[in-house]
There are 2 protein chains.
Amino acid sequence: MGKHRHDDHSHGHTDVPLDALKDKLRAGSRKITGPRQAILDVLRRESHPLTNREILQHLGHEECDLATIYRSMHLLGALGLVRKYDFGDGIARFELVRGDDETHHHHLICTACATVVEIDECFPTALEQTIAAQSGFSKLTHKLEFFGVCPKCQ
Amino acid sequence: MGKHRHDDHSHGHTDVPLDALKDKLRAGSRKITGPRQAILDVLRRESHPLTNREILQHLGHEECDLATIYRSMHLLGALGLVRKYDFGDGIARFELVRGDDETHHHHLICTACATVVEIDECFPTALEQTIAAQSGFSKLTHKLEFFGVCPKCQ
DNA sequence: ATTATAATTGCAAACGATTTGCAGGCATGG
DNA sequence: CCATGCCTGCAAATCGTTTGCAATTATAAT
């Protein structure tokens with residue numbers, strides 16, 4: 001294809017996710033390709049979860065194929081570089097995992113204008129232990145998103 | 001079509017959801033049809049959320065069309081007789097709303113065998129007020145499901 | 001550097017859940 | 001009992017996502 005102009009290797013700020021990408025990719029004998037770097041770039045610039053189609057639009061339709069984005073998101077998710085969210089509309093959204101450890105959080109979505117607010121606290125984590133004890137389940141995780149009408153849409 | 005054999009109008013227990021169905025349907029000048037009653041019957045017999053395809057199988061493929069089930073679930077959901085759940089696999093699941101008021105609850109799903117356990121407590125409700133106050137959002141709701149590995153699948 | 005090899009991509013077709021257009025069929029009010 | 005308009009079945013259309021395949025590219029070895 002030869003049209004991945006990913007030449008910004010000289011910007012100033014620390015390029016954490018890109019380094020992490022390279023490390024993790026190499027650890028699995030996967031390749032550091034243009035589309036993968038470009039996708040992480042897009043995610044790094046955005047602060048809220050993006051759909052694959054939105055990522056494509058940010059990249060420009062010429063930059064990379066939608067199928068490649070889907071495949072990349074699977075890989076990036078498996079590598080722990082990206083987290084997948086479900087806002088209840090049947091479209092997957094992805095957000096960059098910032099920092100090495102847990103960046104677990106939830107979202108508050110406006111049902112009128114789709115504005116997304118990040119909720120930093122994670123409430124159910126403590127309760128998972130109670131549920132695990134009562135149910136006998138192990139490896140508990142959860143999905144939690146809040147919905148409402150934002151101030152502008154009242 | 002003429003093949004909706006919904007003739008069990010003589011069973012003993014109180015038929016709450018059917019009465020509610022009739023009331024709410026009449027209030028919107030909608031019709032009390034065989035498929036709608038049959039679907040609620042299926043849901044009443046099951047204690048965990050069903051996909052539309054599962055509902056179709058319970059009904060028997062001759063009883064009603066899949067498209068009708070989809071349309072019915074929209075209607076029943078709008079009437080508040082049924083609640084929609086999303087277990088993260090991209091397939092909608094529906095559960096009967098039992099009782100007139102809030103039957104708000106969540107689920108714990110085994111990621112290995114898909115067993116569903118109902119979690120009666122609703123933890124985030126209290127926290128919604130905090131979030132509403134901090135964010136300025138109104139009409140807060142939330143979606144919360146837990147995932148883990150059940151005792152049998154450990 | 002050059003090459004060999006496996007990973008990756010683009011494209012298009014396949015897929016599965018859900019929606020919808022339409023013509024005929026029914027529930028309900030009059 | 002009739003007329004009206006809501007509903008249904010069927011099939012085709014949508015939409016997000018996945019996948020097969022041949023061509024392309026990153027990487028390691030030479």
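Residue numbering restarts at 1 for every chain, and letters A, B, ... go by the order of the sequence lines.
- Leu25(B) meets the side-chain contact (heavy atoms from CB on, under 4.5 Å) test with Leu21(B), Arg30(B), Ile32(B), Arg36(B), Leu75(B), Leu79(B); sequence neighbours excluded.
- One atom, CD of Glu63(B), and another, P of dC7(D), lie 18 Å apart when rounded to the nearest Å.
- Rounded to an integer number of Å, the gap from CD of Glu54(A) to P of dT17(D) is 11 Å.
- Counting side-chain heavy-atom gaps under 4.5 Å among Ile, Leu, Val, Met, Phe, Trp and Tyr, Ile91(B) is found in no cluster with other residues.
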Show me the protein contacts with nucleotides 26-30 of chain D, counting only N or O atoms at under 3.5 Å.
residue : atom : partner  : partner atom : Å
dA26(D) : N3   : Lys31(A) : NZ           : 3.0
dT27(D) : OP1  : Ile32(A) : N            : 3.0

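- A distance-only check finds a donor-acceptor pair linking the side chain of Glu54(A) to the backbone of Thr51(A) [under 3.5 Å].
- Contact between the side-chain N/O atoms of Arg36(B) and the OP1/OP2 oxygens of dC7(D) is found at a separation under 4.0 Å.
- Taking Arg71(B) as the reference, Ala67(B) meet the side-chain contact (heavy atoms from CB on, under 4.5 Å) condition, with sequence neighbours excluded.
- The ring-ring contact (aromatic ring centres under 6.0 Å, His included) test applied to His74(A) returns no partner, not counting sequence neighbours.
- Leu43(A) and Val116(A) end up in different hydrophobic clusters when Ile, Leu, Val, Met, Phe, Trp and Tyr side chains are linked at under 4.5 Å.
- When the local axes at the two ends of the helix from dA1(C)-dT30(D) to dA17(C)-dT14(D) are compared, using 5 base pairs at each end, they differ in direction by 20° after rounding to 10°.
- Cluster annotation: Tyr70(B) is connected to Leu76(B) through the hydrophobic network of ILVMFWY side chains, with a link wherever side-chain heavy atoms come within less than 4.5 Å.
- Atom C1' of nucleotide dG29(C) and atom CG of Leu25(B) are separated by 16 Å, given to the nearest angstrom.
- The CD1 atom of Ile69(B) sits 14 Å away from the C1' atom of dC10(D) (whole-angstrom rounding).
- A residue-by-residue look at Leu75(A) and Ala67(A) shows that Leu75(A) has its nearest nucleotide of DNA chain C further toward the 5' end.
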Protein-nucleotides 15-18 of chain C N/O pairs under 3.5 Å:
residue : atom : partner  : partner atom : Å
dA17(C) : OP2  : Arg53(B) : NH2          : 3.4
dT18(C) : OP1  : Ala92(B) : N            : 2.9
dT18(C) : OP2  : Tyr70(B) : OH           : 2.4
dT18(C) : O5'  : Tyr70(B) : OH           : 3.3

Using atom types as modelled, flag every donor-acceptor pair under 3.5 Å from a side chain in residues 143-154 of chain B to any protein atom, sequence neighbours excluded.
residue   : atom : partner   : partner atom : Å
Glu145(B) : OE1  : His107(B) : N            : 2.8
Glu145(B) : OE1  : His107(B) : ND1          : 3.2
Gln154(B) : OE1  : Ser138(A) : OG           : 2.7
Gln154(B) : NE2  : Gly136(A) : O            : 3.0
Gln154(B) : NE2  : Ser138(A) : OG           : 3.4
Gln154(B) : NE2  : Val149(B) : O            : 3.2

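- Atom P of nucleotide dT19(C) and atom CG of Asp65(B) are separated by 14 Å, given to the nearest angstrom.
- Taking the screw axis at each terminus of the helix from dT19(C)-dA12(D) to dG30(C)-dC1(D) from five consecutive base pairs, the angle between the two is 30° to within rounding of 10 degrees.
- Considering only side-chain N and O atoms, Thr68(A) lies nowhere under 4.0 angstrom from the phosphate OP1 or OP2 of dT9(C).
- Linking ILVMFWY side-chain heavy atoms closer than 4.5 Å, directly or via other members, places Ile55(A) and Tyr85(A) in two distinct hydrophobic clusters.
- Taking atom CD on Gln37(A) and atom P on dT9(C), their separation rounds to 11 Å, with Å as the unit.
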Would you sort out whether Arg44(B) and Glu46(B) count as a side-chain contact (heavy atoms from CB on, under 4.5 Å), showing the intermediate values?
-> CA-CA 6 Å; Arg44(B) 181 145 32 82; Glu46(B) 291 295 326; over 6 Å; no
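- Taking the side chain as every heavy atom from C-beta outward, Leu59(B) and Ile69(B) approach each other to under 4.5 Å.
- Under a hydrophobic clustering in which Ile, Leu, Val, Met, Phe, Trp and Tyr are joined whenever their side-chain heavy atoms come within less than 4.5 Å, directly or via other members, Val82(B) and Leu50(B) fall into the same cluster.
- The distance from atom CG of Leu79(B) to atom P of dC7(D) is 10 Å, rounded to the nearest whole Å.
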Start with the C-alpha distance between Asp41(A) and Arg45(A), add both sets of side-chain angles, then the distance that settles side-chain contact (heavy atoms from CB on, under 4.5 Å), and finish with yes or no.
-> CA-CA 6 Å; Asp41(A) 268 4; Arg45(A) 288 190 208 101; 3.9 Å; yes
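- Every pair passing side-chain hydrogen bond (donor to acceptor under 3.5 Å, both in side chains) that includes a residue from residues 126-136 of chain B is listed here, sequence neighbours excluded: Glu128(B)-His142(B).
- Between the CG atom of Leu59(A) and the C1' atom of dG10(C) there is a distance of 15 Å, rounded to whole Å.
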